[in-house]
Amino acid sequence: MIGRIAAHDTIVLIRGESGGGKKLVAEAIHRASPRAAKPLIKVNRAALVETLLLSELFGHERGAFTGATSRKKGRFELADGGTIFLDEIGDISLQTQAALLRVPKERSFERVGGTQTIRVDVRIIICATNHDLKRMLREGRFCEGLYYRLRGVFIEVPPLRKRLSDLPLIAEHLLRRIAEERGENPKRLSSDVIELLQRHLWPGNVRELENALCAPSLFADGEWLCAADFDGLIDWASEQGLESPASNPEEQIYERIRRGRSIFMR
């Protein structure tokens, strides 16, 4: 899907659970598009205060509000010629949604406190994690006009538990990246560890898998990671609540999985 839509400027909505790789999908679309040489500007709604969001998106003029001591370009201007990635569109207020309504169609806006219309050439990629935009629309919590303007190509990123056959390849990539950051040779997973990891539900998705591999790859002595390398990272007594813990790491992990618990400490 990424390969097919990258060449076209249609709006893309990416949906999936946290930690599943939505940002990687957005980056892949941008890299494969004719806009690859231009900037990819990311807007993380969670990291921005709602009252300043309009200024972050559209910029502001000097004196537009207290503290606006100079003109500032917004993210849409910075993304001119490239791509803008709006993370967690469902978290923005109705007021900001209304301000965004004009941009997908006209590619134009005014800075906060300004009157000059600014036109930009950007591709819009958005994502939503925990929000069903259709339901929000029915409940009056999402702007109808914006919803239909944002209905372009829809990509659903499946959670890791629904693509466990990909886990060995993803884990290999993560271990290679961890090793590169440490200047070491990458560790490898034994078949028993792969089997155990594929039995876990991974509520934190790929992000949880990466965290789970960091410590064992640091402390393991050999090239291969085995079940024993994960022992000691798991507080069986307090988290698993077993009266008679299994005698070896593999049995402990299987017992934890049977009880529906995470196999790694948080």
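This one's a predicted model, so the numbers in the text were calculated from it and none came from an experiment.
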J.: What pairs with Phe154 under ring pair (Phe, Tyr, Trp, His ring centres under 6.0 Å), at least two apart in sequence or on another chain?
T.: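 Phe154 satisfies ring pair (Phe, Tyr, Trp, His ring centres under 6.0 Å) with no other residue.
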J.: Any chance the side chains of Ser18 and Arg207 put a donor and an acceptor closer than 3.5 Å?
T.: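 On atom types as modelled, these side chains qualify, holding a pair under 3.5 Å.
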J.: Are Leu94 and Met136 linked, directly or through other ILVMFWY residues, by side chains that come within less than 4.5 angstrom of each other?
T.: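 Different clusters: Leu94 never reaches Met136 through Ile, Leu, Val, Met, Phe, Trp or Tyr contacts under 4.5 Å.
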J.: Which pairs with one or both residues in residues 153-168 pass side-chain hydrogen bond (donor to acceptor under 3.5 Å, both in side chains), sequence neighbours excluded?
T.: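 For residues 153-168: Glu17-Arg161.
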J.: Closer than 4.0 angstrom, basic N to acidic O: yes or no for Arg35 and Asp9?
T.: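 Between Asp9 and Arg35 there is a salt bridge, with a charged N closer than 4.0 Å to a carboxylate O.
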J.: Indicate whether the side chain of Arg62 and that of Thr69 have a donor and an acceptor atom separated by less than 3.5 Å.
T.: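 No pair is found: no donor N or O on one side chain lies under 3.5 Å from an acceptor on the other.
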J.: Under the side chain to side chain donor-acceptor pair (under 3.5 Å) rule, collect the residues that match up with Arg182, sequence neighbours excluded.
T.: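 Testing Arg182 for side chain to side chain donor-acceptor pair (under 3.5 Å), a comparison that skips the adjacent residues, returns Ser217.
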J.: Not counting sequence neighbours, which residues clear ring pair (Phe, Tyr, Trp, His ring centres under 6.0 Å) with Phe58? List them please.
T.: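 Residues passing ring pair (Phe, Tyr, Trp, His ring centres under 6.0 Å) with Phe58: Phe76, Phe109.
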J.: With distance as the sole test, does Asn205 use its side chain to make a donor-acceptor pair with the main-chain N or O of Leu160 at under 3.5 Å?
T.: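 Answer holds: yes.
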J.: Below 4.0 angstrom, N of the basic side chain to O of the carboxylate: do Arg188 and Glu172 qualify?
T.: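 Judged by the 4.0 Å cut-off on N to carboxylate O distance, Arg188 and Glu172 do not form a salt bridge.
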J.: Please list, one pair per line, the donor and acceptor atoms closer than 3.5 Å that link side chains of residues 37-47 to other protein atoms, with sequence neighbours excluded.
T.:
residue, atom, partner, partner atom, Å
Lys42, NZ, Glu27, OE2, 2.4
Asn44, OD1, Ala46, N, 3.1
Arg45, NE, Glu50, OE1, 3.3
Arg45, NH1, Leu48, O, 2.6
Arg45, NH2, Glu50, OE1, 3.0

J.: Out of curiosity, does Ile126 fall in the hydrophobic cluster containing Tyr148 (side-chain heavy atoms, cut-off under 4.5 Å, transitive links)?
T.: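 Same cluster.
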J.: Without swapping roles, check the side chain of Gln97 against the backbone of Cys143 for a donor-acceptor pair under 3.5 Å.
T.: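 Between the backbone of Cys143 and the side chain of Gln97 there is a qualifying donor-acceptor contact (under 3.5 Å).
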J.: Going by the rule ring pair (Phe, Tyr, Trp, His ring centres under 6.0 Å), which residues pair with His30 if we only count those two or more places apart in sequence or in a different chain?
T.: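 Counting only residues at least two positions away or on another chain, His30 forms no ring pair (Phe, Tyr, Trp, His ring centres under 6.0 Å).
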J.: Between Arg123 and Ser33, does the side-chain hydrogen bond (donor to acceptor under 3.5 Å, both in side chains) criterion hold? Intermediate values first, please.
T.: CA-CA 10 Å; Arg123 179 179 194 163; Ser33 76; 5.2 Å; no
